[in-house]
Amino acid sequence: MKKELKRVDQFIHEIEPEGDMRVPGRIFVSQKLLDLVEDETIKQVANVATLPGIQKYSMAMPDVHYGYGFPIGGVAAFDVKTGVISPGGVGFDINCGVRVMRTELESADITDPKRLIEELFRDVPSGVGSESEHVRLTEKDLMEAFEYGAEWAVENGYGVEEDVRHCEEEGHIEVQDLSLISQRARKRGIKQLGTLGSGNHFLEVQYIDEIFDEEVAKAFGLHRGQVTVMVHCGSRGAGHQICTDYLKVMEKASKKYKIKLPDPQLVAAPIESEEGRAYLDAMSAAANYAWANRQMITHWVRDAFATVYKREIEMDLIYDVCHNIAKIEEHDVDGKRMKVCVHRKGATRAFPPDHPDVPAAYRSVGQPILIPGSMGTASFILVGTQRAMELTFGSTCHGAGRLMSRHGAKKRFRGSDIRKDLERHGIIVKATRDSVISEEAPEVYKESSEVVNIVDKLGIARKVARLMPIAVAKG
DNA sequence: ATGTGC
């Protein structure tokens, strides 16, 4: 399969249309990273190209790897009038995303990272099946969180209005009909709002060790040596349940609308059908839940710092991005302005300077893009570009991509060894279980710097700053 | 990712 790819540029490898493919596939990757992409993943990119209404290309970012139906790292835009929407193009963890806060602290101020991470661990509930410890939500609270997202959290005392303005979509997408959220999703959701979860989700204290673009860094309020805090998590069991619920709905819809599927995991419905609209609505509610979730965690992070430093520490939200979502956006397609549904699954929006959806504070430089590294490795802040609008429907990568299965990682690494090794490098890791540390070992992922360098060189984002870990809390 | 899976 890999042999059949046509190289059209140093970092663009094309899958020429064959069989039912309506458009070519495009994998944006270096030769070195392409060698790490499995044939099954390339097949997934080709499969997505068969779906009705797809525009330009079925695309994959340099951190692409195998996923449910669509590859993780996949970007696909569908004409709103003739195209489809597919839960597999969003992923189970709807609005899995990242936020970063800048602080008034310098790296030298983190004198006791162990104490800090223990306090953060105490204040932010973490781990598989973690439940909210500091709050008891009513059904009304939950439904408001599903409807208003980060705004609900701020109105209920978790953070400030400025936080909301610094979220993608201002932390909330309009939902028409909350009755579409199943009882099961509500039951799972009510206990888990304000929790970190597990797996690759984390909370990290970092410092900026390199600035690549002084002007943009200044606009984002960043300087070398500054301490930042990154939160990576999503919509927990609620989003997972909503995805599961709608995979069933879509299975029927695919038959009803006679959509020919090369893989049953690609079940979809026309965007303008009853089922398509229902999924978009329920997905938006899950996205709002995730924004409320990250907002509550932000509040407790601020609390934890205040406890440790015995005073309030200034911690402004730089930005909050989602990297698992489908959105209705306007794009230029072959010189024509068009309404499309952009699926970004393990891909981040990368809007350029002057785009109306970029917060006013950053509009002159472009949208901040937040790329988490794997445990113990660098994370990056980038900025959106016009080139991304032309090449990838305003999208870029989302992080390092997994190289090894969780099972394989557990067999190969011991959590305690990894932790000691990171500690020797001055990085503190605290997790609920040692097995989590082995599953997330740095060696299990592609190098985030490699992925980031490709999107930077390709121009679908520009590097602004590098963030090095000091202390990590893993679920 | 997930009231984890082989």
Side-chain angles (χ1 to χ4, degrees), chain A residues 41 44 63-74 86-99 125-133 142 181-203 230-248 265 282-283 285-287 289-291 293-294 297 321-326 343-348 372 374-375 398-413 415 431-441 444-445 473-475:
Chain A
T41 305
Q44 289 191 318
D63 46 341
V64 67
H65 59 107
Y66 190 79
Y68 183 91
F70 287 56
I72 295 164
S86 172
V90 171
F92 277 89
D93 192 3
I94 298 165
N95 191 4
C96 181
V98 186
R99 61 169 53 190
S126 312
V128 176
S130 48
E131 298 183 359
S132 337
E133 289 160 20
L142 175 71
I181 305 163
S182 69
Q183 287 306 320
R184 263 178 127 172
R186 294 178 201 201
K187 198 179 164 203
R188 290 175 75 173
I190 201 160
K191 295 178 291 190
Q192 293 188 328
L193 197 59
T195 65
L196 190 64
S198 181
N200 70 355
H201 289 162
F202 66 80
L203 194 164
M230 179 176 273
V231 176
H232 178 206
C233 66
S235 50
R236 310 286 288 107
H240 191 275
Q241 188 62 50
I242 286 171
C243 179
T244 305
D245 292 342
Y246 278 87
L247 281 170
K248 282 178 208 133
Q265 294 185 349
M283 183 216 70
Y289 181 98
W291 273 310
N293 195 33
R294 291 197 284 275
I297 290 171
V321 300
C322 29
H323 52 222
N324 274 9
I325 202 153
H343 292 60
R344 295 191 184 92
K345 182 194 195 178
T348 316
S374 53
M375 187 175 62
H398 88 303
R402 189 168 265 280
L403 279 172
M404 198 186 293
S405 69
R406 292 186 178 279
H407 183 69
K410 265 195 281 204
K411 281 207 298 203
R412 190 133 161 227
F413 303 109
T432 44
R433 289 169 299 125
D434 261 0
S435 64
V436 173
I437 300 182
S438 56
E439 288 173 21
E440 298 297 322
V444 167
Y445 286 88
K474 302 281 298 181

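Note that these values count all heavy atoms, side chains included, but never hydrogens, waters or copies made by symmetry. Each chain gets a letter, A, B and so on, in the order its sequence line appears, and its residues count up from 1.
In terms of phosphate contacts, A:R236 brings a side-chain nitrogen or oxygen within less than 4.0 Å of OP1 or OP2 of B:dT2.
Using a 4.0 Å heavy-atom criterion, one finds that A:Q192 contacts the sugar-phosphate atoms exclusively. Using a 4.0 Å heavy-atom criterion, one finds that A:T244 contacts no nucleic acid atom at all. Contact annotation for A:G234: no contact, since no heavy-atom pair falls under 4.0 Å across all strands. Base engagement by A:R433 is indicated by at least one non-hydrogen atom pair under 4.0 Å involving a base atom.
Nucleotide B:dT2 holds its C1' atom 13 Å from the CD1 atom of A:I72, rounded to whole Å. Separating the NE2 atom of A:H240 from the P atom of B:dT4 is a distance of 10 Å, rounded to the nearest angstrom. In this structure, A:Y68 places its OH atom 17 Å from P of B:dT2, rounding to the nearest Å. As rounded to whole Å, 13 Å separates atom P of B:dC6 from atom CD of A:E439. Rounded to a whole Å, the CD atom of A:Q241 is 13 Å from the P atom of B:dT4. Going from atom NZ of A:K410 over to atom C1' of B:dG5 covers 7 Å, rounded to whole Å. At whole-Å resolution of the value, CG in A:D93 and C1' in B:dT2 are 9 Å apart. Between the C1' atom of B:dT4 and the CD atom of A:E440 lies a distance of 13 Å, rounded to the nearest Å.
Applying the ring-ring contact (aromatic ring centres under 6.0 Å, His included) test to A:H240 and every residue at least two apart in sequence or in another chain returns A:F92. Scanning for ring-ring contact (aromatic ring centres under 6.0 Å, His included) contacts around A:H232 gives A:H201, A:F202, A:H323, with sequence neighbours left out.
For the residue pair A:R184 and A:S182, no side-chain donor N or O sits within less than 3.5 Å of a side-chain acceptor on the partner.
Residue A:T348 forms a side chain to side chain contact (heavy atoms under 4.5 Å, CB included) with just one option from A:N324, A:V321, A:I325, and that option is A:V321.
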